[in-house]
Amino acid sequence: MPDVKVKLDKRSYNVRIGAGLLDKSCQFLSELDLHGKILIVSNKKVFGLYGKQLQANLKKHYRVQVYLIGDGEKYKSFGVLQRVLRFLIRHKFERGDTIAALGGGVVGDLAGFAAAVYLRGINFVQLPTTLLAQVDSSVGGKTAVNDSLGKNLIGAFYQPRLVIADTKTLRSLPAKELRCGLGEIVKYGLIAAPRLLTTLGQKADITADLLAQCCRIKSQIVSADERENNQRAILNFGHTIGHALETISHYRISHGEAVALGALGAAHISIMRGYLPRQTLDKLQKLFLKLGLPTHTGRRLNPEQIYRIMQSDKKVADSRLRMVLLQAIGKPIICPVEYAEIVRALAVI
Ligand SMILES: NC(=O)c1ccc[n+]([C@@H]2O[C@H](COP(=O)([O-])OP(=O)(O)OC[C@H]3O[C@@H](n4cnc5c(N)ncnc54)[C@H](O)[C@@H]3O)[C@@H](O)[C@H]2O)c1
Ligand SMILES: [Zn+2]
């Protein structure tokens, strides 16, 4: 079983990855010396699939309660957060108790934020069930809720005590959600692990080993720059153009698809600057097709509109738009980019 360690001194934790790990949750939590009560936060769909199994396992040692939120991004809200917090208060959860998030990034982000602020912080455990959550959102300690004025604007850095990624849960995941995770996996390959792209090109299998490689990359970056003062920003590769594509398509282009398209755009800018060889774009397009990721948006893009959205993004420093580009595959660099470069990048997607 490939374990990954996120090194943050006393707050270090393991990411355990493997098939059937939900049934070992109780053992893993006991090994961390966690006592007291556990609140499983999940949604109806995921809890319907895996909740009873997890609950039965945890009940061997713990008193377990369950709080279910609605399914979808709109439930990652302040209102739902408040309801979770009130549940914790009414049921007298204490500092030594634990919140366990069972689900995708929505559940994980919301439950993590609840754990961060309830009694100024109680134990938190992630049990990610989507590919995106297993390779990305469950690791690194970003927690948040959305507001009608913007996504992920209200949150906290709050690390889990443990991440348990049971790869068996991915079997029930719809293809669209798998693509979301694949977009992020390709991102890891491009910013840090060219070999990972070669492996995916040969055999597009989602193995525990592949997940571990991704978590290891994220973990190294997070250990070096937990609060995104500098290096952690390279994880935003593909996301600057990507976010704008999500916005203009009213989220019909999903996050993973948008990241993949954004990655192609950023790769093209890197090619135009002479950082990457010309053939890179073609190679990436072939890989994306193989993985079922898009290579074109299928719509006419309005560069001015997209540029405006990109400028309102968090990654603008001194009013200059910055993007993560590639000096080579596996060598990201954060640079200011010009409008003309964006126009040419959009022309290839
Ligand atoms: N904290 C971070 O570092 C970070 C990083 C990336 C994304 N995010 C956040 O993560 C969220 C997206 O996460 P997501 O892509 O996991 O979406 P999600 O949590 O909405 O899950 C996607 C869908 O899959 C369903 N699902 C979950 N597990 C399943 C399973 N095993 N089988 C069948 N269906 C299952 C969910 O009910 C949902 O309908 C966004 O809110 C984003 O902002 C956070
Ligand atoms: Zn992402």
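Whatever order the structure lists them in is the order used to number ligands and atoms, beginning at 1.
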* salt bridge (charged side-chain N to carboxylate O under 4.0 Å, His left out) between Lys142 and Asp109, worked out -> CA-CA 7 Å; Lys142 279 192 182 177; Asp109 278 15; over 6 Å; no
* For the pair Phe93 and Phe87, name the ring-plane relationship: parallel under 30°, tilted 30 to 60°, perpendicular over 60°. =>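 Answer is tilted, since the angle falls between 30° and 60°.
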* Taking the six-membered ring for Trp, are His243 and His255 parallel (under 30°), tilted (30 to 60°) or perpendicular (over 60°)? ->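 Because their plane-to-plane angle lies in the 30° to 60° range, the rings of His243 and His255 count as tilted.
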So is there a nitrogen or oxygen of [X] less than 3.5 Å from a nitrogen or oxygen in ligand 1?
X: Val107; value: no
X: Gly105; value: yes
X: Thr130; value: yes
X: Thr143; value: no

* For Thr167 and Ala19, indicate whether the former's side chain and the latter's backbone hold a donor-acceptor pair under 3.5 Å. =>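 Checked: pair present.
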* Among the N/O/S atoms of Glu184, select the one at the shortest distance from the Zn ion (ligand 2) and name it. =>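 Restricting Glu184 to its N, O and S atoms, the minimum distance to the Zn ion (ligand 2) goes to OE2.
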Quick one: which ligand 1 atoms are inside 4.0 Å of a heavy atom on [X]?
X: Lys151; result: 43 (O)
X: Lys218; result: 3 (O)
X: Lys76; result: 9 (C), 40 (C), 41 (O), 42 (C), 43 (O)
X: Ser172; result: 30 (C), 31 (N), 32 (N), 33 (C)
X: Leu49; result: 32 (N), 33 (C)

* For ligand 1, is any non-hydrogen atom under 4.0 Å from Val46's backbone (N, CA, C, O), its side chain (CB onward), both, or neither? ->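 It is the side chain that gets close, since no backbone atom is under 4.0 Å.
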* Asked: So which of Leu173, Asn43, Leu110, Leu178 gets nearest to atom 29 (C) of ligand 1, if we judge by its closest heavy atom?
  ->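 The option holding the nearest heavy atom is Leu173.
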* Salt-bridge present (Glu257, Arg179; N to O < 4.0 Å) ->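 Here Glu257 pairs with Arg179 in a salt bridge, since their nearest N and O are under 4.0 Å apart.
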* **OH/Tyr251: more than 12 non-hydrogen atoms of other groups inside 6.0 Å** =>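 Count over threshold, so yes.
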